[in-house]
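Heads up: the structure comes next, in structure tokens.
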Amino acid sequence: MGDVIECFNISDKGYSLSNVIFIRIEPSDLKVTINDIISSLNNLSWIETFDEEYVKNSFKIRANATAEHLSSQLKHFQQDKVTTEIGETVVSELSRLAIVNELDYLDIPLAELFKQKLSGNHGFDFFSETLSQFIVFGEAKYVSKSNGYGRALEQIERFIMEERDTSDLNDIDKFVSKISLNNHTQNDKAFACAFSATSIATETLIKHILKNENFNKIKHHKEIILIAVNV
């Protein structure tokens, strides 16, 4: 689906922040990537992990409708490039999987599959839980031929101010641990900033991000994960 070509704590590169992880993803052949994402979206086996039938039935209704909607969008994309309409789905899913596979964080399906709104939800795009049991709130932005970190960081900061992370707890409380939920009440949480990236050098990209006003407003949280997707 996509190769993780870099994954490191930026403190290993001489930066003073020890709570910031940087990941860079190089998607494989775009056509293959899109088909893999469609398969991932339509794999609803996670629903069977819940014991209560009413929970399973509720998630099935939401997930089936959204998977069908997103798959239809992805199948009709312009095959020589990622378009704005599907860009954020691609960035979200590749970033979500990178966190799960590279960091061994909790595998929670893409938010649109279980949130009430069919698509274009009004909260964070994806979620996970760290090994230290802090909830990860992920936001993805795709900007054509540009580095989208500015928009993603701006959205994260705005969502924090609007307490969207807290309002999203009603959607994710069945996926995460009680410890992580209790940690959240103590304002102990993590954020993932996923964004489209150009061919800019990683060192230059990190330097730009560290100067970003919104990054500096959120950098005090338990963990910040920066995920650059080369699309």
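Because the structure is a prediction, the values reported are computed rather than measured.
The shortest distance between side-chain heavy atoms of F127 and F137 falls below 4.5 Å. At least one side-chain heavy atom of S95 sits less than 4.5 Å from a side-chain heavy atom of F126. Side-chain atoms of I135 and N183, non-hydrogen and from C-beta on, never get closer than 4.5 Å to each other. Contact of the I225 side chain with the L103 side chain is registered, since non-hydrogen atoms from C-beta on lie closer than 4.5 Å. Between Y15 and I206, some side-chain heavy-atom pair lies under the 4.5 Å cut-off.
T198 contributes no side-chain N or O that, together with a main-chain N or O of S146, makes up a donor-acceptor pair within less than 3.5 Å. In this structure, the side chain of D3 does not engage the main chain of I5 through any donor-acceptor pair within 3.5 Å.
With 3.5 Å as the limit, one finds no donor-acceptor pair spanning the side chains of E223 and T130. Side-chain atoms of E26 and N230 include a donor-acceptor pair closer than 3.5 Å. Under 3.5 Å, the side chains of N19 and H221 contain no donor-acceptor pair of N or O atoms.
Within a 6.0 Å radius of NZ in K217, other residues, nucleotides and ligands contribute more than 12 heavy atoms. Annotation for E52: atom CD counts as buried by contact number, over 12 foreign heavy atoms lying within 6.0 Å. With a 6.0 Å radius and a threshold of 12 heavy atoms from other residues, nucleotides or ligands, R151 has its CZ atom at or below the threshold.
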(request) Give the C-alpha distance, both sets of side-chain angles, the deciding distance and a yes or no for side-chain hydrogen bond (donor to acceptor under 3.5 Å, both in side chains) between E6 and T202. (result) CA-CA 9 Å; E6 293 179 278; T202 292; 2.5 Å; yes

(message) Evaluate I156 against C193 for side-chain contact (heavy atoms from CB on, under 4.5 Å), listing each step before the verdict.
(response) CA-CA 8 Å; I156 290 171; C193 170; 3.9 Å; yes

(message) Let's go through D173 and K178 carefully: what are the C-alpha distance in whole Å and the side-chain angles of both, what is the deciding distance for salt bridge (charged side-chain N to carboxylate O under 4.0 Å, His left out) to 0.1 Å, and is it a yes or a no?
(response) CA-CA 8 Å; D173 63 338; K178 289 198 183 309; over 6 Å; no

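In this structure, K141 is not positioned above the aromatic face of Y149 in the sense of NZ or CZ being under 6.0 Å from the six-membered ring centre and within 45° of the axis.
Two rings, from F159 and F124, have their centers less than 6.0 Å apart.
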